[in-house]
Q: 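The structure follows.
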Amino acid sequence: MDIILFHSMYGLRPAVSAWAERLRAAGHQVHVPDLFGGETADTVEGGAELKDKIGKEELLRRAIMAAAPYSDRGLVYAGFSLGGSIAQTLALGDEKARGLLLMHGTSDIAENASVDELPVQLHVADPDPFETHDWLTTWYLRMRQVGADVEVFGHPGAGHLYTDPELPDYDSAAAEKTWQVGLAFIESL
């Protein structure tokens, strides 16, 4: 399976590379673009500064350019937090997308979005200050309306970016469960 994996607003950190390596070890082709051009952040504020410095449109342009060489194969789009938002935007615009694996993040859904039963799996902290219950309910219903086949997994007590062992939100049990369930999802596609 070809997978494109997008990093969070912390940048391309070791945790993202480790997930990519685990996916490769499971037999998948994994592409991990560095949308921040080598810059990383250690704090939410630093990540927000990097994201804002580059800008939303430029981040999407970079993501599209990174995915383009592989999109004719039918990619699985995946991402962490901001990267999940970017992965969702690209997957909903790619008629050949095979699946969408979101960890910690979602995005608004374009009015004209339409997919044919795109498999989508979301892993999110419960509660999550960036992905509130009200937002997730609306997001879920809207994703179903556009034709996605959605599964949502909440991880009680975990922090927002609970899969990165170098961040304060890290939760080893939630991270491992996300890995196991997410890998099974990818392998079912």
Side-chain angles (χ1 to χ4, degrees), residues 3-26 28 30-56 58-60 62-63 66-67 76-91 99-108 120-136 139-140 151-186:
I3 303 165
I4 190 159
L5 180 62
F6 295 105
H7 60 74
S8 74
M9 73 175 182
Y10 284 89
L12 185 52
R13 295 170 50 87
V16 178
S17 298
W19 276 68
E21 286 308 313
R22 285 180 85 176
L23 288 166
R24 288 181 186 115
H28 303 287
V30 185
H31 315 283
V32 187
D34 185 350
L35 302 180
F36 287 1
E39 293 190 71
T40 60
D42 294 322
T43 64
V44 172
E45 297 79 16
E49 286 178 24
L50 284 173
K51 175 185 66 102
D52 293 344
K53 179 174 77 172
I54 296 167
K56 181 179 178 180
E58 177 61 15
L59 286 171
L60 282 175
R62 291 177 184 186
V76 173
Y77 291 87
F80 298 93
S81 195
L82 169 68
S85 172
I86 291 168
Q88 177 187 306
T89 299
L90 269 58
L100 174 60
L101 177 60
L102 303 171
M103 292 160 290
H104 323 295
T106 61
S107 183
D108 291 330
V120 177
Q121 190 176 90
L122 168 65
H123 292 268
V124 64
D126 184 14
D128 187 318
F130 301 104
E131 301 286 327
T132 66
H133 288 144
D134 288 346
W135 165 257
L136 288 174
W139 174 85
Y140 175 85
E151 291 181 290
V152 178
F153 292 88
H155 299 274
H160 173 68
L161 202 58
Y162 62 81
T163 55
D164 189 327
E166 296 179 352
L167 296 176
D169 287 346
Y170 181 63
D171 182 308
S172 62
E176 187 57 27
K177 182 174 181 184
T178 297
W179 165 255
Q180 295 296 329
V181 174
L183 180 62
F185 169 74
I186 288 170

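Position 1 is the first residue of the sequence; numbering continues from there.
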Q: Would a 4.5 Å heavy-atom cut-off, applied to side chains only, mark E39 and I54 as touching?
A: no
Q: Is E49 paired with K53 through a side-chain N to carboxylate O contact shorter than 4.0 Å?
A: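 Salt bridge between K53 and E49, a charged N being under 4.0 Å from a carboxylate O: no.
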Q: Would you check if there is a donor-acceptor pair between the side chains of T178 and H155 at a distance under 3.5 Å?
A: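 A donor-acceptor contact under 3.5 Å links the two side chains.
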Q: Find the distance between CD (E131) and OG (S81) and round it off to the nearest 0.5 Å.
A: 7.0 Å
Q: For L161 and L167, which heavy atoms make the closest approach, and how far apart are they?
A: CD2-CD1, 3.3 Å
Q: List the atom of L5, the atom of G79, and the distance in Å for their closest heavy-atom pair.
A: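 Looks like CD1-N, 4.1 Å.
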Q: Any heavy-atom pair between the side chains of L59 and F36 that's under 4.5 Å?
A: yes
Q: Counting N and O atoms only, with roles assigned by atom type, does the side chain of H104 sit under 3.5 Å from a partner on the main chain of H160, one being a donor and the other an acceptor?
A: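 Looks like yes, one N/O pair under 3.5 Å.
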Q: Looking at P127, is its backbone amide N or carbonyl O close enough to the side chain of H133 to form a donor-acceptor pair, meaning the two atoms are under 3.5 Å apart?
A: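 A pair under 3.5 Å: no.
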Q: Report yes if some heavy atom in the side chain of M103 is under 4.5 Å from a heavy atom in the side chain of W19; otherwise report no.
A: yes
Q: Could you check if a side-chain atom of F130 sits within less than 4.5 angstrom of a side-chain atom of T106, using non-hydrogen atoms only?
A: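 The answer is no, as the side chains (C-beta and beyond) never meet within the 4.5 Å cut-off.
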Q: Looking only at non-hydrogen atoms, find the nearest pair between A41 and G47 and report the distance.
A: CB-N, 3.3 Å
Q: Within the 4.5 Å heavy-atom criterion, are L90 and I4 side-chain neighbours or not?
A: no
Q: Report the relative orientation of the aromatic rings in F6 and Y77; use parallel for angles under 30°, tilted for 30 to 60°, perpendicular for over 60°.
A: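 Aromatic pair F6/Y77 classed parallel.
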Q: Are the side chains of H123 and L101 in contact, using a 4.5 Å heavy-atom criterion?
A: yes
Q: At what distance, to the nearest 0.5 angstrom, does NE2 of H31 lie from CG of L23?
A: 11.5 Å
Q: Measure the shortest side-chain to side-chain distance between L102 and V120 over non-hydrogen atoms and say whether it is less than 4.5 angstrom.
A: yes
Q: How many angstroms lie between atom CG of L60 and atom CD1 of I86, to the nearest 0.5 angstrom?
A: 6.0 Å
Q: Search all heavy atoms of Q121 against all heavy atoms of G182 and return the closest pair with its distance.
A: OE1-CA, 3.3 Å
Q: Do Q88 and W139 have side chains that get closer than 4.5 Å, going by heavy atoms?
A: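 SC-SC contact between Q88 and W139 confirmed.
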